[in-house]
Amino acid sequence: MNLTAESVAEALVVNVDEERIDAAVAIQFKDRMRDLTAGAGGRIILDLGRVIFVDSSGLGAIVSVMKFLAPAHRLELAGLTPNVGRVFHLTRMDSVFPIHADVAAALHGAGHDL
Amino acid sequence: MSRRLFTAPGMISDGETGSPRREPAGRVSAPSTGEGFHLCFEADPCTVRRVLGQAVAELARGLSRDDAGTLELALAEVLNNIVEHAYDGRTSGQVEVCLHREAGWICCRIVDSGHAMPALTLPEGRMRPLPPRLDDLPEGGWGWSLIRTLATDLAYRREDGSNYLTFRLPLSR
């Protein structure tokens, strides 16, 4: 599972360099997120711009990450591709996460601008 | 006639398996007017991922992005449920996927020989209200509500130790 993190301004941006977050990698995704975000101070933005498919297992993993980061952090999402956005919408998880059009929008604006 | 067999590394095509639950060849494929996809494979998450890729590549030609997404998501949820529940994480289970395009639909039939659905009934998959506390958010359980949202004419039967699930996915064009 190819995840990398970089500090940008006050935020930790986690890039998902994978096309899928699905049942095959859900556990790896959670473990990697736990490692990458350990000790992070500010905002945490998950860049999903390269992800073209998330199933309910992948969505569950993202929700799980959001829960273990709380209350110190609120996990923010950026760059949802259309089919990924639809899974969040159909499960109403789009109302649970701050969702940004892309990382630049997340850094320069705030809130729900998808 | 329009039925085609696909075999990927590590997968078993219908013609090669000696599985006793295999149906006579004449019953395997539904009447089809368009492209079809038929595959038998081991139920594990990595194989499911490869099968989804193949199914979408094979059927998605000429489909809109949304329709291809619908096919991939519905099929993923059905197959994940089979891996996790029907086969309980066992690795020896076989799954048969039969898809074909027909007018404005993709018709799907999925067969496995794992555990039967509880009470021989498909889960309702009702979407629950979101809890007020983040800690109480579900981390799963959306599978059947997604399937029911995306698919129509869902039907399930248990016969001779196998689960038969059929449904149709509407195409937008």
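Predicted model only: the values in this text are computed from it and were never measured. Heavy-atom basis, side chains included; hydrogens, waters and symmetry copies ignored.
- Leu36(A) and Ile45(A) fall into different hydrophobic clusters, defined by Ile, Leu, Val, Met, Phe, Trp and Tyr side-chain heavy atoms under 4.5 Å apart, directly or through other members.
- Looking only at heavy-atom pairs under 4.5 Å with chain B, the residue among Gly60(A), Ala61(A), Pro71(A) that has the most is Gly60(A).
- Only the side chain of Leu52(B) comes within contact range of chain A, with heavy atoms under 4.5 Å apart.
- For Ala70(A), the part lying near chain B is the side chain, with the backbone staying farther off; criterion is any non-hydrogen pair under 4.5 Å.
- Note on Phe68(A): it clusters hydrophobically with Leu59(A), by side-chain heavy-atom contacts below 4.5 Å among ILVMFWY residues.
- Using a 4.5 Å cut-off between heavy atoms, Leu73(B) touches chain A through backbone and side chain atoms alike.
- Only the backbone of Pro129(B) comes within contact range of chain A, with at least one heavy atom under 4.5 Å from a heavy atom of that chain.
- A continuous path of hydrophobic side-chain contacts links Leu63(B) to Val51(B) [ILVMFWY only; heavy atoms under 4.5 Å].
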Between chain B and chain A, which donor-acceptor atom pairs come closer than 3.5 Å, counting both backbone and side-chain atoms?
| unit_1 | atom_1 | unit_2 | atom_2 | d |
| --- | --- | --- | --- | --- |
| Arg20(A) | NH1 | Glu72(B) | OE2 | 2.6 |
| Arg20(A) | NH2 | Glu72(B) | OE2 | 2.9 |
| Asp22(A) | OD1 | Arg49(B) | NH2 | 3.1 |
| Asp22(A) | OD2 | Arg49(B) | NE | 2.9 |
| Asp55(A) | OD2 | Asn80(B) | ND2 | 2.8 |
| Ser56(A) | N | Glu77(B) | OE2 | 2.7 |
| Ser56(A) | OG | Glu77(B) | OE1 | 2.5 |
| Ser56(A) | OG | Glu77(B) | OE2 | 3.3 |
| Lys67(A) | NZ | Asp135(B) | O | 3.2 |
| Lys67(A) | NZ | Leu137(B) | O | 2.6 |
| Lys67(A) | NZ | Glu139(B) | OE2 | 3.0 |
| Arg86(A) | NH1 | Thr70(B) | OG1 | 3.1 |
| Arg86(A) | NH2 | Asp66(B) | O | 3.2 |
| Arg86(A) | NH2 | Thr70(B) | OG1 | 2.9 |
| Arg92(A) | NH2 | Arg128(B) | O | 2.6 |

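- Cluster annotation: Met66(A) is not connected to Val13(A) through the hydrophobic network of ILVMFWY side chains, with a link wherever side-chain heavy atoms come within less than 4.5 Å.
- Residue Leu69(A) is not grouped with residue Val8(A) when hydrophobic side chains (ILVMFWY) are merged at heavy-atom distances under 4.5 angstrom, including chains of intermediate members.
- Interatomic distance, Leu134(B) CG to Leu75(A) CG, rounded to the nearest 0.5 Å: 10.5 Å.
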